[in-house]
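Whatever order the structure lists them in is the order used to number ligands and atoms, beginning at 1. None of these values were measured; they are calculated from a predicted model.
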Amino acid sequence: MRRPFVVGNWKMNGSRERAQALVVGVCSGAFGLPEVDIGLCPPFVYVGDARAAIGDASVLLGGQNCAGVERGAFTGEVSADMLADVGCAFVLVGHSERRTLYGESDDEVARKTELALAAGLVPVVCVGETLVEREAEQTEAVVGRQIDAVMARLDDDGLARIVVAYEPVWAIGTGRTATQAQANAVHAFLRERVAARQPNVAAGLRILYGGSVKAENAALLFSEPDVDGGLVGGASLDAEQFVGICRAAG
Ligand code: 13P
């Protein structure tokens with residue numbers, strides 16, 4: 001049985017005060033949900049505060065991104081090791097905003113995945129197609145290429161430690177979510193792709209759906225057999241909404 005995982009990605013939103021209030025709200029909701037892994041990705045500068053506010057609550061902290069290199073003269077970058085050092089348990093890699101706005105290549109995402117694993121973090125590898133790609137029936141080709149690039153750099157042990165997030169670009173922040181069937185079809189495709197390499201890993205692989213997940217649509221999406229939780233943007237900026245989504249995964 002795969003344990004559900006729901007991650008809130010705040011992106012570049014909030015303030016120190018708001019971050020604190022959000023963490024406190026999510027932690028109190030998390031007490032009633034021991035069957036769900038709950039994660040939060042605050043902006044880097046609030047990770048330390050969030051760590052302190054979480055205390056003993058079972059909420060995991062994650063980075064929204066990490067550098068594709070280990071250390072050195074890379075002004076403005078934050079390494080996977082540093083994220084682990086300040087109490088992160090996981091990190092998003094290859095979010096579509098990183099791929100499209102910052103030009104991250106499939107191989108760079110794969111390299112970040114490797115570095116995250118080496119730092120002891122769980123990489124949440126994001127994949128997804130644009131609207132143009134979906135309309136051109138390229139969805140499987142695109143997400144297949146994205147997951148293959150990551151698999152090419154990992155051994156089976158590494159592969160067994162990743163989480164995948166399917167985020168169709170056209171559903172991110174648009175209010176337009178994939179239907180249950182659309183989401184599950186891509187999740188099943190990704191699981192099969194991993195199964196072709198390692199069936200046991202594929203069976204245990206958690207694949208999260210992201211793209212306009214709200215408390216109202218979460219239960220239906222999460223009821224699909226290959227959907228193991230969610231990666232939530234906008235709705236994670238409201239503790240009550242986000243806890244509602246976490247509850248739908250339980
Ligand atoms: P929204 O939930 O705002 O669509 O964002 C999804 C996302 O990009 C999470 O990483």
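- On a distance-only criterion, Glu97 and ligand 1 share no N/O pair closer than 3.5 Å.
- A heavy-atom separation below 4.0 Å is found between Gly211 and ligand 1.
- Using a 4.0 Å cut-off to heavy atoms of Ser212, the atoms of ligand 1 that qualify are 1 (P), 2 (O), 4 (O).
- When non-hydrogen atoms are compared, ligand 1 lies under 4.0 Å from the backbone of Ala171 (N, CA, C, O) but not from its side chain.
- By the 4.0 Å N-to-carboxylate-O rule, Asp148 lies too far from Arg153 to be salt-bridged with it.
- Close approach of ligand 1 to Glu167 (heavy-atom distance below 4.0 Å) involves ligand atoms 6 (C), 7 (C), 8 (O), 9 (C), 10 (O).
- When non-hydrogen atoms are compared, ligand 1 lies under 4.0 Å from the side chain of Asn9 (C-beta onward) but not from its backbone.
- The ring of Phe5 has its center closer than 6.0 angstrom to the ring center of Phe90.
- Leu60 and Val91 fall into different hydrophobic clusters, where Ile, Leu, Val, Met, Phe, Trp and Tyr are joined by side-chain heavy atoms under 4.5 Å apart, directly or via other members.
- Ionic pairing of Lys112 and Glu104 is present here: one or more N-O contacts between side-chain nitrogen and carboxylate oxygen are shorter than 4.0 angstrom.
- From the protein, the heavy atom lying nearest to atom 10 (O) of ligand 1 is His95 NE2, 2.8 Å.
- When the heavy atoms of Gly233, Gly173, Cys41 are ranked by distance to atom 4 (O) of ligand 1, first place goes to Gly173.
- Looking at Gly234 next to ligand 1, an N or O pair under 3.5 Å apart turns up.
- Taking a cut-off of under 4.0 Å to the non-hydrogen atoms of Leu231, the atoms of ligand 1 that pass are 9 (C), 10 (O).
- For Lys11, the closest heavy-atom approach to ligand 1 falls below 4.0 Å.
- Under a cut-off of 6.0 angstrom, the local environment of CD in Glu17 is sparse, with at most 12 non-hydrogen atoms contributed by other residues, nucleotides or ligands.
- Taking 4.0 Å as the cut-off between side-chain N and carboxylate O, Glu35 and Arg3 do not count as a salt-bridged pair.
- A 6.0 Å sphere centred on CD of Glu240 holds no more than 12 heavy atoms belonging to other residues, nucleotides or ligands.
- Put simply, the residue from Arg99, Gln146, Arg111 that forms a side-chain hydrogen bond (donor to acceptor under 3.5 Å, both in side chains) with Asp106 is Arg99.
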